[in-house]
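Please read all numbers here as calculations on a predicted model, not as lab measurements. Note that ligands are numbered from 1 as they come in the structure, with each ligand's atoms numbered from 1 the same way. What you see below is based on every heavy atom in this structure, not just the backbone, and it leaves out hydrogens, waters and symmetry mates.
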Amino acid sequence: MTDDVELAAEFGTPLYVYRLDDVAEARKQLFDALPDEVELFYALKANPHPDLVRALREGEGRTCRAEISSTGELAAALTAGFRGEDCLYTGPGKTRGELDEAIAQGVRLFSTDSVTDVRHVGEAARARGVEVDCLLRVNSVAASATTSIRMTGTPSQFGFDSEVLADALPLLREVEGVRIAGFHFFPLSNATDEDNLIGEFEHTIELAARLSDDLDLPLRYLDIGGGFTVPYGAPGERPEYPKLRAALERALDLHLPRWRTGAPRVACESGRYLVGGSGTLVAGVTNVKVSRGRKFVITDAGINTFGGMSGLGRLLPVQVRPAEGDGPVEKASLVGPLCTPGDVLGRQIDLPPLESGDVVRVPNTGAYGPTASLLMFLGRPAPTEVVVRGDEVVSVSRIEHRRVPR
Ligand SMILES: *Cc1c(COP(=O)(O)O)cnc(C)c1O
């Protein structure tokens, strides 16, 4: 009994349903699109639910490593069975406390964004009497893709500006406790098409090889980032990347001819592609009203449940599926229960005729769901999250925040 609507009847709404079979399929699909030698980091940011993280770590075939960016994500990765040494720790604001904890837990690979960041990593490593590997995240001056969430090319808290690396390197080499192992690129997220994605990877690989030569910095590890896409809160399929594997092999053979024997080891990263398709958000309709001729469908899942990132200026493409089949649609706004006019999941979108007590399903909500939402805003409980494998319910849980004295 794992039908979304039946699960909602049993566990209440708002409800996220995650299907582990889909996570396994996405993992296989992405690994199949990458050369055999390429490693893949799962960015826990997309969804740190331990059951999903575990599904990316274990099972048949090639499995993921973990890309983490906080003590909380480290804990989620460890809970899911990753070891510290499986993790890449990233982020522009790593604190001493976080670094101490990560190193104590066995993390030995860090992406770094500035000279001071590398020094902080070095201090924490020396305090534990270990040496750790640092990747230099590169903010390249030029980038190739045009459509997507751009992450580089402009002033940024992320990465070393590529043009200052030559001056920075002598300072980095002096830092004890760290070895500069290579580069980390994450130039884009959510690339619109495969050619775009390939163009960006080719650019990245060429640049990495050129920087390595220019700086006389042999690469042991090269993380070329990601950009793999999946529909978000709207129907649609995970894209396939039929050309990617050959294109990556060609670019790597050309620019880094010893990559197949691990010089350097090459990695990619993905969050949304691996988990986005696994999730469905089931929301309950609490009320329907008409205001000045426009219809508002009020649900129990607002931006505290899904797409709180929309509060950061991104418009959600939310589309809803009726509980059953295809029927007539009408224009209405899908809004949440919060006391802010910003609590809109979709403005004047196509909705089936709905009334109080109905449920709606928002597909492809496995990534950037609860933890990317304004969970605490207006004091409503977090949505329940049900994890399903085949026809079995694996777990039912809910994130809880409490005020604690300290
Ligand atoms: C956010 C992020 C990811 C994951 O991005 P997706 O678009 O979800 O694949 C991967 N790597 C880094 C460094 C990130 O910041």
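- Looking at Tyr368 next to ligand 1, an N or O pair under 3.5 Å apart turns up.
- In the vicinity of Ala43, heavy-atom distances shorter than 4.0 Å reach the ligand 1 atoms 3 (C), 4 (C), 10 (C).
- Ligand 1 has no N or O atom lying under 3.5 Å from any N or O atom of Thr90, backbone or side chain.
- Under the 4.0 angstrom criterion for non-hydrogen atoms, Ser270 is in contact with ligand 1.
- Between Arg65 and Asp86 there is no salt bridge, since no side-chain N of the basic residue sits under 4.0 Å from a carboxylate O of the acidic one.
- Between Gly271 and ligand 1, at least one pair of N/O atoms sits closer than 3.5 Å.
- Taking the ring centroids of Phe11 and Tyr16, they lie at or beyond the 6.0 Å cut-off.
- Gln105 and Glu101 are linked by a side-chain donor-acceptor pair at a separation below 3.5 angstrom, with hydrogens and angles left out of the test.
- At a heavy-atom cutoff of 4.0 Å, ligand 1 is contacted by both the backbone and the side chain of Arg272.
- The aromatic ring centroids of Tyr241 and Phe228 lie less than 6.0 Å from each other.
- Backbone and side-chain nitrogen or oxygen atoms of His184 are examined, and none is located within less than 3.5 angstrom of a nitrogen or oxygen of ligand 1.
- For ligand 1 and Arg137, the ligand atoms under 4.0 Å from any heavy atom of the residue are 13 (C).
- Within ligand 1, the atoms closer than 4.0 Å to a non-hydrogen atom of Lys45 are 1 (C), 2 (C), 3 (C), 14 (C), 15 (O), numbered from 1 in the order shown.
- Side-chain N or O atoms of Asp300 include none that pairs as donor or acceptor with a backbone N or O of Ala283 at under 3.5 Å.
- Side chain of Asp213 to backbone of Arg210: no donor-acceptor contact under 3.5 angstrom is found.
- The shortest N/O to N/O separation between Tyr273 and ligand 1 does not fall below 3.5 Å.
- The aromatic rings of Phe185 and Phe183 sit perpendicular, their planes meeting at an angle over 60°, well past the 30° parallel limit.
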